[in-house]
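A short worksheet on the structure shown next.
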Number of protein chains: 2
Amino acid sequence: MTKDASVTNRIDPDSLGFLTGDLARLMRAAFEREIDRGAVPVTSAEARVLAHMARCGATRQNKLADRLGVAPMSLTGFLDKLEQAGLIARGTDPSDRRAKIVTLTPAADAVLEQIAQAGDRARTLARRDISDADWALFRDVALRLRGNLEQARRAAVPGRGVPA
Amino acid sequence: MTKDASVTNRIDPDSLGFLTGDLARLMRAAFEREIDRGAVPVTSAEARVLAHMARCGATRQNKLADRLGVAPMSLTGFLDKLEQAGLIARGTDPSDRRAKIVTLTPAADAVLEQIAQAGDRARTLARRDISDADWALFRDVALRLRGNLEQARRAAVPGRGVPA
DNA sequence: GTCATTTAGTATGTCGGCCTTACTATATGG
DNA sequence: CCATATAGTAAGGCCGACATACTAAATGAC
């Protein structure tokens with residue numbers, strides 16, 4: 001077997017890194033097609049912000065950024081647009097005047113329902129011919145992979161644990 | 001139960017769309033940390049192009065773009081950089097002077113090995129405490145999800161199947 | 001009480017990953 | 001022969017992220 005053959009056989013275009021990238025890119029495209037069809041006025045990342053806010057209620061921005069795993073500035077950009085669309089509101093934190101509390105507005109209810117429906121349709125496309133049992137195990141492993149990767153990310157961030 | 005409670009309980013920040021986005025974002029970050037550590041001279045998307053080329057050998061650009069699921073112009077950008085880095089070469093297709101055949105250069109061997117090693121390390125972080133059996137089923141379901149989504153994408157592209 | 005240090009949020013600039021439109025050169029088929 | 005389609009690309013743009021540096025506010029050691 002030549003060296004060339006051994007090198008090219010070793011790399012796997014379906015390894016975890018590439019496979020998760022494919023899944024995300026294709027799921028996002030499917031979701032965006034459904035968002036367009038339903039005229040939902042948010043992007044997929046903005047939808048994710050709203051989904052997390054719906055789950056955790058009124059929250060400080062820094063906590064929400066941490067929960068989403070993005071830099072505070074990234075969240076600020078998303079919130080600017082969502083505030084402009086009338087879907088969230090920012091208020092001051094009486095216990096710390098630097099901090100801001102973000103909340104969903106009543107207008108967000110309808111959009112959240114649209115997002116949920118778009119997600120349902122995209123997931124239905126993806127899940128075709130996959131049993132409930134396989135699906136449950138897939139989700140379980142995916143959640144554990146995410147947890148492991150989230151831990152690795154926190155360990156890699158400067159200023160955490162051992163001083164930089 | 002109030003209406004507000006029912007709406008916010010319905011949306012799931014861990015539904016497939018958001019979950020795959022999280023996995024991709026975190027895997028990409030882990031892979032990029034390993035690429036940086038190993039001084040690998042490519043981005044994650046460029047690595048993916050090389051991985052697919054390694055698998056399918058000398059190929060026309062339009063076929064490679066199709067295999068990667070990106071627009072021809074997107075692939076052109078990646079190939080420009082890889083060519084500039086000396087990792088791929090473009091040649092003419094004698095059977096069609098419009099078409100170009102892309103091949104890996106000998107210099108790509110070492111980079112492919114580095115990419116494979118970076119991917120191994122990232123995957124090891126992610127897989128911690130996940131059994132071989134669970135892993136195998138996860139991969140199987142992920143590949144099927146990708147296949148389903150790829151089919152849905154092809155069906156949605158204008159000019160395919162039923163005329164637009 | 002003072003002040004060095006830290007933190008919350010943001011302005012600005014940048015990068016990577018993609019896309020669309022429009023173009024030239026070439027191929028195809030009626 | 002020529003209308004139509006295709007391969008690859010130039011140009012411009014969008015989205016999702018980040019880093020640095022800044023202001024305002026909080027904290028804690030002394």
Side-chain angles (χ1 to χ4, degrees), chain A residues 17-18 20-22 24-29 31-33 35-36 42-49 59-66 68-83 88 90-102 153 156-160 163-164, chain B residues 17-18 20-22 24-29 31-33 35-36 41-49 59-66 68-83 90-102 153 156-160 163-164:
Chain A
F18 298 135
T20 52
D22 288 348
R25 175 172 44 80
L26 291 162
M27 264 311 292
R28 175 175 163 169
F31 185 62
E32 279 169 9
R33 286 196 297 278
I35 288 189
D36 285 346
V42 294
T43 66
S44 54
E46 290 162 2
R48 178 169 173 255
V49 173
T59 318
R60 279 190 178 186
Q61 277 187 214
N62 63 343
K63 298 299 180 209
L64 186 54
D66 194 60
L68 288 159
V70 297
M73 184 60 244
S74 300
L75 179 62
T76 296
F78 295 135
L79 293 179
D80 283 348
K81 292 193 182 169
L82 291 170
E83 188 172 34
I88 65 115
R90 279 158 155 133
T92 57
D93 184 338
S95 66
D96 184 339
R97 291 210 295 248
R98 296 170 300 179
K100 284 175 181 168
I101 303 286
V102 286
R153 185 185 74 91
V157 166
R160 290 183 175 279
Chain B
F18 299 134
T20 53
D22 289 346
R25 177 171 44 80
L26 291 163
M27 263 310 291
R28 174 176 165 167
F31 185 63
E32 279 169 7
R33 287 196 297 278
I35 289 190
D36 285 347
V42 293
T43 65
S44 54
E46 291 162 2
R48 177 171 174 253
V49 173
T59 318
R60 278 189 179 188
Q61 278 188 214
N62 64 340
K63 297 301 179 207
L64 187 56
D66 194 58
L68 289 160
V70 297
M73 184 62 244
S74 299
L75 179 61
T76 296
F78 296 135
L79 293 179
D80 283 349
K81 292 193 181 169
L82 292 169
E83 187 172 37
R90 279 163 158 128
T92 56
D93 184 338
S95 66
D96 185 339
R97 291 209 294 248
R98 297 170 299 178
K100 283 174 180 166
I101 304 284
V102 287
R153 185 185 73 90
V157 167
R160 291 185 174 276

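We use all heavy atoms of the structure for the numbers below, so side chains are in, but hydrogens, waters and symmetry mates are not. Lettering of chains follows the sequences in order, A, B, ..., and the numbering in each one begins at 1.
Put simply, CG on A/Asp96 is 12 Å from P on C/dT7, counting in whole angstrom units. Atoms CZ (B/Arg48) and P (C/dC18) sit 7 Å apart, rounded to a whole Å. What separates CD of B/Gln61 from C1' of C/dT26 is a distance of 15 Å, to the nearest Å. Between B/Asp93 atom CG and D/dA7 atom P there is a gap of 11 Å when expressed in whole angstrom units. One atom, CG of B/Asp22, and another, P of D/dG16, lie 14 Å apart when rounded to the nearest Å. Following rounding to the nearest Å, B/Glu83 (CD) and D/dT9 (C1') show an atom-to-atom distance of 13 Å. Distance, A/Leu75 CG to D/dC15 P: 17 Å, rounded to whole Å.
Between A/Ser44 and A/Glu32 there is a side-chain heavy-atom pair separated by less than 4.5 Å. Looking at A/Ile101 and A/Arg60, their side chains come closer than 4.5 Å, going by heavy atoms from C-beta outward. No side-chain heavy atom of B/Asp66 sits less than 4.5 Å from a side-chain heavy atom of B/Lys63. With contacts defined as side-chain heavy-atom distances shorter than 4.5 Å, the pair B/Arg90/B/Asp80 qualifies.
Counting only heavy atoms from C-beta on, A/Arg90 has its side chain closest to C/dT10 among C/dA25, D/dA17, C/dT10. Minimum atom distance to the side chain of B/Asn62 is reached by D/dG8, of the listed C/dT26, D/dA26, D/dG8.
Evaluation of the salt bridge (Lys or Arg N to Asp or Glu O under 4.0 Å) rule for B/Arg25 yields B/Asp22 as partners, not counting sequence neighbours. Qualifying salt bridge (Lys or Arg N to Asp or Glu O under 4.0 Å) partners for A/Arg97, counting only residues two or more places apart in sequence or in other chains: none. Residues that satisfy the side-chain hydrogen bond (donor to acceptor under 3.5 Å, both in side chains) test with A/Asn62, not counting sequence neighbours, are absent from this structure.
At the heavy-atom level, B/Ala71 lies under 4.0 Å from base atoms of the strands shown.
Remark: B/Leu75 CG to B/Gln61 CD distance equals 5.5 Å, nearest 0.5 Å. Here CD1 of B/Ile35 is found 9.5 Å from CZ of B/Arg28. Values are rounded to the nearest 0.5 Å. One distance of note links CZ of A/Arg153 with CG of B/Leu26; it measures 6.5 Å at 0.5 Å rounding. Interatomic distance, CG of B/Leu79 versus CD of B/Glu46, reported as 9.5 Å (0.5 Å rounding). Distance NZ/A/Lys100 to OG1/A/Thr92: 9.5 Å, rounded to 0.5 Å.
For the pair B/Ile101 and A/Arg98, both in contact range of DNA chain D, the more 5′-proximal nearest nucleotide belongs to B/Ile101. Both A/Ala99 and B/Ser95 lie near DNA chain C, and the one whose nearest nucleotide falls closer to the 5' end is A/Ala99. Closest-nucleotide positions on DNA chain C for A/Arg60 and A/Gly21 were compared, and the one nearer the 5' end corresponds to A/Arg60.
Bending across the helix from C/dG1-D/dC30 to C/dG30-D/dC1, expressed as the angle between its end axes from five pairs apiece, amounts to 20° (10° rounding).
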Could you write out each protein N or O paired with an N or O of nucleotides 10-12 of chain D at a distance under 3.5 Å?
none

Sub-3.5 Å pairs of nitrogen or oxygen atoms, protein against nucleotides 14-17 of chain C:
| from | atom 1 | to | atom 2 | distance (Å) |
| --- | --- | --- | --- | --- |
| C/dG16 | O3' | B/Arg28 | NH2 | 3.3 |
| C/dG17 | OP1 | B/Thr43 | OG1 | 3.3 |
| C/dG17 | OP1 | B/Ser44 | OG | 3.2 |
| C/dG17 | OP1 | B/Ala45 | N | 3.0 |
| C/dG17 | OP2 | B/Thr43 | OG1 | 2.9 |

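Contact annotation: A/Ser74 side-chain N/O to D/dG16 OP1/OP2 distance is not under 4.0 Å. Within the structure, every side-chain polar atom (N or O) of A/Lys63 is placed at least 4.0 Å from both OP1 and OP2 of C/dA8.
Below the 3.5 angstrom threshold, one finds no donor paired with an acceptor across the side chain of B/Arg97 and the base of C/dT26.
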